Amino acid sequence: MAENETRPTNFIRNIIDKDLAEGKHPSTHTRFPPEPNGYLHIGHAKSICLNFGLAQDYQGKCNLRFDDTNPEKEDIDYVHSIQEDVKWLGFEWDGEVCYSSNYFDQLYLYAVELIKAGKAYVCFLNAEQTREYRGTLKEPGKNSPTRDTSIEENLALFEKMKNGEMQEGECCLRAKVDMTSSFMCMRDPILYRIRFVHHHQTADKWCIYPMYDFTHCISDAIEGITHSLCTLEFQDNRRIYDWILDNISLEVRPHQYEFSRLNLEYTVMSKRKLNDLVTQKHVNGWDDPRMPTIAGLRRRGYTAAALREFCLRIGVTKMENMIEMGMLEACIRDDLNANSARAMAVLDPIKVIIENYPEGQVEELMVSNHPQDESFGKRMVPFTREILIEAEDFRESGNKKYKRLVIDKSVRLRGAYVITAKRFKQDEKGNVTTVYCTYDPNTLGKNPEDGTKPKGVIHWVSASEGKPATVNMYDRLFTVPNPAAEDDFTQVLNAESLIEMKSAVVEPSLAELDAGKAVQFERLGYFCPDLSSTPDDLVFNRTVTLRDTWDHA
RNA sequence: UGGGAUAUCGCCAAGCGGUAAGGCAGCGGGUUUUGAUCUCGCCAUUCCCAGGUUCAAAUCCUGGUAUCCCAGCCA
C-alpha cells in the first residue's frame with residue numbers, strides 16, 4: 001500500500017487489503033455515483049474523498065457516474081456543477097464521465113433476459129394497489145394477479161411499454177422475487193416504470209426508465225467496479241443488488257459495502273431541507289457561505305485541502321455520528337494558519353488621535369506578512385496621526401484580565417508604536433468616539449526604554465489611508481446542534497448567522513486581493529474577498545474566527 | 001420473535017484473545033509585538049448491561065438494553 005503509515009485505516013480498507021491479498025481482484029475500482037438533482041454538499045465530499053482516495057492509495061481507478069434514471073427530478077445544470085465541485089476538491093475521475101443512461105440499451109436487454117428466465121413480469125396494479133399488495137413490515141405481501149403471466153406475453157407487454165403503447169402508470173415491469181420476504185425491497189421490486197419525459201442525456205429515446213435497484217448493480221458490473229460504496233440506508237438493498245446480478249448473464253461481480261453518512265452539528269444535510277433554505281430565502285442561494293454545500297464552503301473561504309483533511313479526520317465507519325463544528329473549523333484553521341498572509345482590518349472602528357504625532361505625516365512601516373514564515377515577505381503599512389482601532393479594544397478602565405487600551409495605560413499597536421491613552425470623547429449616547437493618546441517614538445521594533453512592556457497588542461488601520469469595506473460575519477446557521485430533529489427546522493434558524501459590518505476599514509494592501517484568496521485579519525480570524533468584491537466596493541467573508549481560549553468572564 | 005445494522009473518553013475513531021492508538025475539544029506550564037501560532041504535560045484499571053468460556057476477553061459464547069434504517073412506479 002502506501003508509504004504513509006499514519007494514514008487512518010477503516011473497515012473498507014481492511015476489506016480491500018483482504019481482497020487484494022486473496023487475489024479477488026487484480027486492482028481496485030470504485031465510483032462516485034451522484035444523482036444530478038442538486039448541489040453537492042460536505043456529506044458528498046466524504047463519499048468523494050473515500051472513493052477517489054481509495055483509488056489513489058491503491059493505484060486503482062475511480063469513475064464519476066451520474067445516476068440519472070429519474071429525468072423528472074434531474075437537470076443538466078447539476079451535471080455541470082457536480083463535475084466542477086469534484087474537480088475543485090482535487091480529484092480526477094478515470095476516463096470519460098459515465099452516466100447510467102449510457103447503459104439503457106443493455107439494461108433493457110437484461111430486463112428481457114429476466115423475463116425470458118421467468119424472473120420478471122409486467123404488473124398492472126396501480127400505485128395504490130401495489131402498496132396494498134406489498135404488505136407491511138410485519139405482514140407478508142401477496143402476489144400480483146399478473147405475476148404468472150406467460151413469458152411470451154410478458155415479452156410482448158414489455159415491448160409495448162418500451163414502444164409507448166402503454167399509459168404512464170398503467171403498468172410496470174417487476175422482478176419476480178418473493179412477496180413474503182422480510183426485506184421489503186425483495187417483494188417483487190419494480191424494475192421499470194413508464195414516464196413520457198425528456199431526458200437530459202437520451203432526449204426522447206425512451207419512455208420507460210429503469211429504477212435504482214435494477215440500474216445501480218448492473219452499471220457497477222458493466223464498469224468493472226470492484227467495491228461499490230454507499231450509505232447505510234442501502235443495507236437492505238444489497239439483497240436485491242446481489243439478486244439481480246445473480247440472475248443475469250454478467251460475469252463480473254461488484255460488491256456493495258455501506259458506511260454511515262456524515263452529520264454535522266448546527267446544519268442540515270438533506271437535499272430537501274437545503275432546497276427549502278434556498279427557495280424560502282433563508283439564505284442567498286446554494287452558494288451562500290452559510291450553506292454546507294461545496295459551493296457555499298468554497299465561497300466562505302474553505303479550501304479543498306481543508307475539506308479533504310476533514311474527511312480524513314472523521315474516518316469511515318458504520319456508526320451513526322454527529323461531528324462537532326469544531327472539527328471542521330480546526331481543519332480550516334490549520335490550513336490557513338500555515339498558508340495565509342496576515343493583514344489588519346478594523347470592523348467596528350473608533351478613532352484614536354495621537355496628539356504628539358505630526359499632523360499630515362504618513363509613515364510607511366514595514367510589517368511581516370507572516371509571523372513564522374518569512375517566505376510570505378513584508379509589506380508597507382501607512383501610519384498616521386489619526387488611526388482607527390476596534391471599539392472593544394478600548395475601555396475607560398480595565399481589570400487585570402483586560403489587556404487592551406485603558407486610560408493612562410499603554411498598549412502596543414501591532415507592527416508600530418506603543419501608545420498611551422490620555423482622555424476620550426463620547427457621543428450623546430455614551431459611546432466612545434475618539435481616544436486621545438500619545439505615542440513613544442522610540443518603540444518601533446523595540447520595547448520602551450523605561451523597561452516597561454505593554455501587556456497588550458491591538459490591531460489598527462490608518463484613518464486617512466485605510467479603505468472602507470463591508471465584512472460579512474458568518475456564524476452557524478442554526479441555534480441547535482441537530483436542527484433536522486425539530487418538527488420545523490426553519491424555527492431554529494440562527495437570526496445572527498450573518499452580521500454585515502458595513503463600516504469596516506481595511507489596510508490599503510487589501511484592496512486588490514483576488515476573490516477567494518485567504519487572509520488573516522490579525523486577532524479577528526480568517527477572511528477572503530467575496531465573489532462580489534471589487535476594488536471600489538470591498539466585501540470580505542469571515543471564513544472562521546481565530547481560536548479563542550481566554551476566559552472572557 | 002418482521003427484517004437489516006450499530007454500541008470503545010464530551011465529539012470522532014483505532015483495536016480482530018495477550019492486558020485501551022490517534023485526532024478534535026478541555027485543563028495546566030513555557031515562548032510570543034496576533035488573548036493566534038508553536039511547545040511541554042494532563043485527560044477511559046476501562047470498552048451498552050448481565051452472565052459464561054479462558055491462565056488471559058473491548059475482542060469468543062448466551063441473554064438483555066438502547067439507537068438508526070426498511071412498507072416511493074425516489075435515489
Side-chain angles (χ1 to χ4, degrees), chain A residues 6 8-10 14 33-35 37 67 69-70 72-73 123 125-127 130-132 134-141 168-174 181-187 189-195 209 211-213 215-216 230-239 258 260 265 271 312-331 333-334 337-338 342 344 367-368 370-373 401-404 411-416 418 443-447 453-459 481 520-525 545-552:
Chain A
T6 61
T9 186
N10 60 49
N14 292 160
E35 182 186 14
N37 69 344
D67 210 349
T69 58
N70 186 3
E72 286 178 301
K73 292 187 176 172
C123 176
L125 256 23
N126 64 32
T130 304
R131 194 183 325 120
E132 283 163 9
R134 187 151 36 223
T136 68
L137 293 178
K138 296 191 176 183
E139 294 157 15
E168 227 171 77
E170 181 181 359
C171 59
C172 59
L173 185 74
R174 291 232 250 165
S181 174
S182 47
F183 292 102
M184 298 303 286
C185 65
M186 293 295 264
R187 318 247 261 227
I190 290 165
L191 267 23
Y192 269 91
R193 75 287 219 186
I194 300 169
R195 284 296 107 94
Y209 290 98
M211 299 287 287
Y212 168 85
D213 283 324
T215 310
H216 208 89
C230 63
T231 44
L232 251 30
E233 64 271 26
F234 291 96
Q235 286 177 121
D236 285 359
N237 298 253
R238 187 172 69 246
R239 276 71 186 187
E258 312 86 14
S260 52
E265 283 188 344
K271 278 182 188 172
L312 225 45
R313 289 188 194 181
I314 59 176
V316 177
T317 68
K318 298 173 84 119
M319 296 189 255
E320 292 293 338
N321 58 75
M322 180 65 76
I323 309 291
E324 293 175 341
M325 265 295 175
M327 187 78 89
L328 216 209
E329 294 178 342
C331 294
R333 286 194 187 107
D334 279 358
N337 172 54
R342 317 279 124 128
M344 290 191 283
V367 179
S368 288
H370 192 113
Q372 283 87 221
D373 188 344
K401 247 185 223 164
Y402 192 74
K403 296 165 55 173
R404 310 174 190 184
V411 79
R412 160 132 255 148
L413 291 176
R414 169 116 251 231
V418 171
T443 52
L444 200 55
K446 55 188 171 187
N447 287 138
K453 183 183 175 184
K455 57 179 175 179
V457 179
I458 63 174
H459 58 277
Q520 183 196 104
F521 288 171
E522 295 209 52
R523 302 211 309 135
L524 296 174
T545 62
L546 250 32
R547 188 156 167 268
D548 184 4
T549 54
W550 64 290
D551 181 11
H552 291 69

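Just so it is clear, the values below take in all heavy atoms, side chains as well, and ignore hydrogens, waters and symmetry mates. Here the structure is a predicted model, which is why all the values come from computation and not from measurement. Residue numbers start from 1 in every chain, and the chains themselves are labelled A, B, ... in the order their sequence lines are given, proteins ahead of strands.
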Problem set entry | Interatomic distance at C1', B/A5 relative to B/U39, whole Å | 44 Å
Problem set entry | side chain to side chain donor-acceptor pair (under 3.5 Å) partners for A/T231, two or more places apart | A/E233
Exercise. With a non-hydrogen cut-off below 4.0 angstrom, is A/T545 in contact with a base, only sugar-phosphate, or nothing?
Worked result: nothing
Exercise. What nucleic acid atoms does A/R414 come within less than 4.0 Å of, heavy atoms only: base, sugar-phosphate, or nothing?
Worked result: base
Exercise. Reckon A/R523 has a side-chain N or O less than 4.0 Å from the OP1 or OP2 of B/U37?
Worked result: no
For this session: Using whole Å, report how far CG of A/L546 lies from P of B/U37.
Result: 7 Å
Exercise. For the side chain of A/S368 and the backbone of A/P371, is there at least one donor-acceptor N/O pair under 3.5 Å apart?
Worked result: no
Problem set entry | Chi-based syn or anti call at B/G30, which uses purine or pyrimidine torsion atoms and a 90° bound | anti
For this session: Describe the nucleic acid contact of A/K318 in one word from base, sugar-phosphate, nothing, applying a heavy-atom distance below 4.0 Å.
Result: sugar-phosphate
Problem set entry | Distance in angstrom units between A/N321 CG and B/G10 P, rounded | 17 Å
Exercise. What's the CZ-C1' distance between A/R404 and B/U34, to the nearest Å?
Worked result: 11 Å
For this session: Assign A/G445 to base, sugar-phosphate, or nothing according to its heavy-atom contacts below 4.0 angstrom with the strands shown.
Result: base
Exercise. Using the P atom in both, what is the distance from B/U45 to B/G64, to the nearest Å?
Worked result: 30 Å
Exercise. Would you say A/S260's side chain and A/M319's backbone share a donor-acceptor pair under 3.5 angstrom?
Worked result: yes
For this session: Provide the distance between the two C1' atoms, one in B/C60 and one in B/A56, to the nearest whole Å.
Result: 13 Å
For this session: Check every strand shown and say whether A/V316 touches a base, only sugar-phosphate, or nothing at a heavy-atom separation below 4.0 Å.
Result: sugar-phosphate
Exercise. Counting any heavy atom closer than 4.0 Å, what does A/L444 reach on the DNA or RNA strands: base, sugar-phosphate only, or nothing?
Worked result: base
Exercise. For A/K446, which contact category applies under a 4.0 Å heavy-atom criterion: base, sugar-phosphate, or nothing?
Worked result: base
Exercise. How far does the P atom of B/A20 sit from the matching atom of B/C61, given to the nearest Å?
Worked result: 22 Å
Problem set entry | Those residues that, when tested against A/D213, pass side chain to side chain donor-acceptor pair (under 3.5 Å) (two or more places apart) | none
Problem set entry | Nearest-Å distance once atom P is located in both B/G23 and B/C43 | 14 Å
Exercise. Any side-chain N or O of A/R547 under 4.0 Å from OP1/OP2 of B/U37?
Worked result: yes
Exercise. Where the side chain of A/T317 is concerned, which of B/A14, B/A36, B/C24 is the nearest nucleotide?
Worked result: B/A14
For this session: Would you mind telling me which of B/U34, B/A14, B/U33 lies closest to the side-chain atoms of A/P371?
Result: B/U34
For this session: Could you run through nucleotides 64-75 of chain B and give me one letter per nucleotide, 5' to 3': B if any protein heavy atom sits under 4.0 Å from the base, S if only the sugar-phosphate is that close, - if neither?
Result: ----SSBBSBSB
For this session: Look at the side chain of A/T443 and the backbone N and O of A/V418, then say whether any donor-acceptor pair between them is shorter than 3.5 Å.
Result: yes
Exercise. Within the structure, does a side-chain N or O atom of A/R238 lie under 4.0 Å from either OP1 or OP2 of B/G4?
Worked result: no
Exercise. Are OP1 or OP2 of B/G3 and a side-chain N or O of A/K138 less than 4.0 angstrom apart?
Worked result: no
For this session: Please work out if A/R187 contacts a base, only the sugar-phosphate, or nothing of the nucleic acid, heavy-atom cut-off 4.0 Å.
Result: nothing
